[in-house]
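One structure is given here, and the rest of the page talks about it.
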Amino acid sequence: MLIDRSASLHSLRRTRARHISYGMNHMLLRSQAFINGAWRDARDRRTFAVHNPSTGELVGTVADLGRDDTRDAIEAAHAAWPAWRARTAKERAEILRQWFALILEHRHVLAELMSRESGKVLTESLGEVTYGASFVEWFAEEGKRAYGDVIPPHTRDRRLVVIKQGVGVAAAITPWNFPLAMITRKVAPALAAGCPVVIKPPAETPLTALALAVLADAAGMPAGVYNTVTTTRSHDVGLELCEHPLVRKLSFTGSTAVGKQLMAQCAPTLKRVSLELGGNAPFIVFDDADLDAAVQGAVQSKFRHNGQTCVCVNRVLVQRTVYDDFVARFAAAVSALRTGDVLDPSVQVGPLISEKALHKVQAFVHDAVEHGAQIVEGGVHRGGLFYAPTVLANATPSMRIAREEVFGPVAPIFAFDTEAEAIAMANDTTYGLAAYFYSRDVGRCWRVAEALEYGMVGVNEGLISTELAPFGGIKESGMGREGSRYGLEQYLETKYLCFGGV
Ligand code: SIN
């Protein structure tokens, strides 16, 4: 069904989000994909079901698109490109700002939908809507500052100029742990730079992505500029996005293994790629740290979305002189976390996303205990996909959790003696996304911040994400940056113009 834009905008406006509890009939709940300004099924009519990880309830049924459908979306985006890039940045910003306003206006419905399909607790889902919307607002403005350059020439009769132009059709493959913000963080800069987008949301959370498409359409996005391809056929759809020559840029957030595969698939057409991949974040507590602040930062960073973010703490490294004190305080704070119904605003920790994730967490805890770790808190399955927030003392580098990303609510605590040892332990990983440390010695803060081989470092801070700063990793955590002016660069080509005979 196609929605009439003025009617939909009107009824969206009438929707007072705070009065609405999300229901199956709400107009933001869609079952079809969005291609070339129209809602449509898969050509072969396949569909798939979306379940609530918290309760197992059916949340919705969605069109399961394949390679041909994806090709339609790419071609529609390419056809829409000339008119979209011809608009001024200010004209594009007007639509983006309208989209931003609509997202915020419907934040309660979006958050509830997100919680139901992803198992994210409601307070965090509300936070994610605001966080996600902030990228739209920020890039609406930053698109106006895609400045070029004038270079003093090397001969009198020449003028050398650099201009910035959008790369063309941009594909975004997004993860389930941030059903909304990872879409806006990729597509807002693309759209601001004049690039049409084809989004492939994950099979776990397609409904939030479709709700965003409803709002993008209502905001006035021209047909073909914004496309959403829902699918369980990730391999086929991913292959089409990587291999199609009309796609000029791929941005992916997900595992390192899949990121490497996508990069290889993009190589024959030499696409530009941005990859935001896995991490193995260390959280270092020096003995000169404010321990209460460190405990608070560690709890926030470790248990955000139940440990299921790429920047969640994976290893807590504590100086031996304060080790026992920190472990006791941290375990007490973790035991106070409330687990339960994700729609209850007082609940802080929800379920894991899947059985596979639950088994991985259990296997990591089992392996750590076999290698000598002591369970200080948690360590138990609480039914369904719920696993108790867990603290493991006496962790050592021989454990799996020291090397691999647990992506769950388990905090292993390692001991170290010196600053040099802490840095060496923190850097002893193939990953390089986020790292954190706590110290009140300003000299040490500089030394350690510079020595950590990571794309992002939180110094006396456990939550560092914002639309204003560059998000991204080094080593096998990926390449490219999202958010900030660096995020816009990812969707711009640099063109040099040489004017002769002046
Ligand atoms: C992620 O886990 O991929 C994103 C986390 C964030 O934006 O803070």
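In each ligand, atom 1 is the first atom listed, and ligand 1 is the first ligand listed. Predicted model, so just to flag it, every value in this text is computed and none were measured. Start at 1 with the first residue, then count along the sequence. Reckoned from all heavy atoms, side chains included, excluding hydrogens, waters and symmetry mates.
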Legend entry - Sub-6.0 Å ring centroid separation between Tyr226 and Trp99: yes
Inset, instruction - Let me know which protein residues bring a heavy atom to under 4.0 Å of ligand 1; chain then number is fine for ordering. - result: Tyr131, Asn177, Phe178, Met182, Arg185, Thr253, Glu276, Arg304, Thr309, Cys310, Val311, Ser465, Phe471
Legend entry - Working for side-chain contact (heavy atoms from CB on, under 4.5 Å), residues Leu65 and Arg233: CA-CA 7 Å; Leu65 273 60; Arg233 303 182 236 182; over 6 Å; no
Inset, instruction - Before accepting this row, confirm whether a basic side-chain N of the pair Arg116/Glu112 lies closer than 4.0 Å to the acidic partner's carboxylate O. - result: yes
Inset, instruction - Would you check if the distance from the ring center of Phe135 to the ring center of Phe100 is below 6.0 Å? - result: no
When the side chains of residues 185-195 are checked against the rest of the protein, which donor-acceptor pairs come out under 3.5 Å, sequence neighbours left out?
from	atom 1	to	atom 2	distance (Å)
Arg185	NE	Glu482	OE1	2.8
Arg185	NH1	Tyr131	OH	3.0
Arg185	NH2	Glu276	OE1	3.2
Arg185	NH2	Glu482	OE1	3.3
Lys186	NZ	Ser251	OG	3.1
Lys186	NZ	Thr253	OG1	2.7
Lys186	NZ	Glu482	OE2	2.7

Legend entry - Aromatic ring proximity, centroids under 6.0 angstrom, Phe286 and Phe416: yes
